[in-house]
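Everything on this sheet refers to the single structure shown next.
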Amino acid sequence: MLQDVVTTLFGDPFAVMNTIGLVAFALVGASKAIREEFDVLGVTIVGLSMAFAGGATRDLLVTRVPLALQSPAEITLGLLGVGLAVALNLVLSAPETHPATLVSDAIGLAAFATTGAIVAAAAGVSAFGIVAIATINAVGGGAVADVLLDRAPFILFEDFYASCAVLGGTAYWAADALGATGSTAATVCVAITVGTRLTAVTYDWELPTVADEGRLGE
Amino acid sequence: MLQDVVTTLFGDPFAVMNTIGLVAFALVGASKAIREEFDVLGVTIVGLSMAFAGGATRDLLVTRVPLALQSPAEITLGLLGVGLAVALNLVLSAPETHPATLVSDAIGLAAFATTGAIVAAAAGVSAFGIVAIATINAVGGGAVADVLLDRAPFILFEDFYASCAVLGGTAYWAADALGATGSTAATVCVAITVGTRLTAVTYDWELPTVADEGRLGE
Amino acid sequence: MLQDVVTTLFGDPFAVMNTIGLVAFALVGASKAIREEFDVLGVTIVGLSMAFAGGATRDLLVTRVPLALQSPAEITLGLLGVGLAVALNLVLSAPETHPATLVSDAIGLAAFATTGAIVAAAAGVSAFGIVAIATINAVGGGAVADVLLDRAPFILFEDFYASCAVLGGTAYWAADALGATGSTAATVCVAITVGTRLTAVTYDWELPTVADEGRLGE
């Protein structure tokens with residue numbers, strides 16, 4: 001499959017990354033809702049929200065009608081991800097924390113950081129705009145899913161999550177600024193985002209906290 | 001009043017449904033905030049948020065300035081609903097859970113599913129887009145109100161709430177696709193949404209949960 | 001500095017108020033996140049969200065690409081505020097509740113109520129639209145920050161917070177309707193918002209709650 005992806009990347013990076021991101025994030029979102037014992041509709045809503053929220057926010061930020069509302073393919077891919085989560089739940093005891101889910105999440109994060117950077121660059125926003133939209137596209141779905149699940153957004157506590165998308169988006173901007181083709185910039189963005197994310201999970205990286213424990217302990 | 005509604009439906013379905021939805025949802029939202037002992041401003045903000053959030057999201061999704069910010073009539077209707085909630089609170093001991101509030105909520109849900117479907121169909125989105133916008137218009141206000149009240153959105157736990165709007169929106173799309181007039185499609189959408197919602201409340205319908213209790217119980 | 005502000009006000013009210021609001025709110029948002037022991041990235045995200053969320057919502061409501069994504073100056077000012085919060089944390093034991101933070105918050109509230117009113121008036125929305133956008137621009141950042149911090153939005157419990165922005169926005173609309181210059185309307189909006197906010201904090205003003213304690217106590 002990676003072969004197909006790499007091959008197709010030289011075709012339409014947005015289409016490939018968008019397809020991968022939708023299925024991966026719908027799977028992760030639905031798994032979180034299943035873990036919380038939501039009913040079938042709740043699981044579907046959380047799964048689709050995680051798949052679509054980041055991209056819809058991205059589209060609204062560049063003032064266009066969200067792709068998810070225009071293309072029938074998007075909903076099909078989202079429901080496919082929800083179905084995979086339900087199937088996965090039948091064979092795994094803790095789908096939300098299973099490696100398969102963590103990897104899907106990292107892949108979705110990288111795929112959506114890339115779609116965000118592609119759309120932002122095309123909209124002609126500032127360098128910060130490219131990085132911000134790439135990050136929002138990548139982490140927006142997870143943040144909305146957590147709010148729907150009444151949790152503090154995981155993206156704020158998982159040290160190397162949003163930061164991986166920030167690095168990927170920055171890499172896309174840099175490659176783009178250096179005159180790389182869209183496919184090259186997309187490949188660099190995907191590689192850096194998924195690479196930093198999986199390395200962080202594997203080695204349990206942590207960022208320093210600003211607060212001084214001692215003082216807060218008073 | 002139903003007579004007036006039915007009659008007027010053959011005039012401008014959007015105007016009628018929008019008017020009913022604004023008053024009904026402002027009343028429900030304000031009642032929730034009163035129950036949480038919010039102050040006058042908090043009650044007004046939650047009431048207006050519940051009345052306007054779904055429609056504003058709908059308008060942003062089709063990239064137009066929210067109607068609530070353009071038409072002075074909208075705020076008047078929202079404040080009317082908040083006033084009704086305050087009055088209701090003086091005569092009822094638990095306005096949020098009183099049948100009158102549950103019925104207002106079902107009526108608002110149906111009215112907004114219909115305005116969402118009408119606007120979406122006019123914007124020429126996909127079939128999923130029509131159902132999604134109808135559902136977002138219908139449940140968006142309640143979800144925002146619950147977030148403001150720091151609760152997990154009720155729409156995810158109440159089995160037949162969002163699903164009633166999904167059915168109503170689907171019915172609108174089907175009627176529209178079959179060549180029905182806007183008034184007929186609107187009437188079908190209202191009837192199915194409010195009908196399924198009230199039946200669900202009356203008979204306490206529940207959807208199955210995906211999670212396997214046994215395993216989660218471990 | 002006040003002198004500069006007043007002087008410049010007669011130049012470009014939007015630029016001045018936007019600059020002040022971005023730094024002030026980024027400082028307040030970052031202080032809240034530091035208090036919650038978030039890591040460096042979390043503190044930056046909450047700080048920038050508080051600085052940008054209100055204005056981005058304002059821009060989306062008038063359907064234009066958020067200024068924060070177009071102007072590099074905005075991110076610089078936001079990061080400056082986050083840096084000030086980190087510095088402040090090194091010298092104060094409770095930055096979030098320190099007078100300096102409360103005053104920054106009041107200044108940000110007034111500055112953003114003004115930028116909201118200016119943009120809304122220029123977009124030609126209704127009188128309610130001007131007051132609503134001024135209020136959303138002023139309190140949106142704080143609401144988003146609180147949601148990210150998994151708290152019920154402070155704006156709903158702090159009696160004279162959103163209400164100060166409502167008064168300021170109304171004053172802007174009135175001055176504008178009476179034919180005042182943009183600078184005069186902006187000055188009136190700032191004075192009334194920051195004045196009512198600081199007076200409320202000083203004298204601990206409270207609005208009455210709608211709920212009847214006795215009944216709720218049952």
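Both backbone and side-chain heavy atoms feed into the values below; hydrogens, waters and symmetry mates do not. Residue numbering restarts at 1 for every chain, and letters A, B, ... go by the order of the sequence lines.
The contact between V62(C) and chain B is made entirely by backbone atoms, counting heavy-atom distances below 4.5 Å.
Note that CG of L79(B) and CZ of F128(C) are 7.5 Å apart. Values are rounded to the nearest 0.5 Å. The CG atom of L41(B) lies 13.0 Å from the OH atom of Y161(C); values are rounded to the nearest 0.5 Å. Atom CD1 of I45(B) and atom OG of S163(C) lie 8.0 Å apart (nearest 0.5 Å). Here T57(B) contributes atom OG1 and L60(C) contributes atom CG; the two are 11.0 Å apart, rounded to the nearest 0.5 Å.
Side-chain contact between V65(B) and L61(C) is absent, with no heavy-atom pair separated by less than 4.5 Å.
For residues 104-122 of chain B, an interface with chain C (any heavy-atom pair closer than 4.5 Å) does not exist.
Side chain of S126(C) to backbone of L69(B): a donor-acceptor contact under 3.5 angstrom is found.
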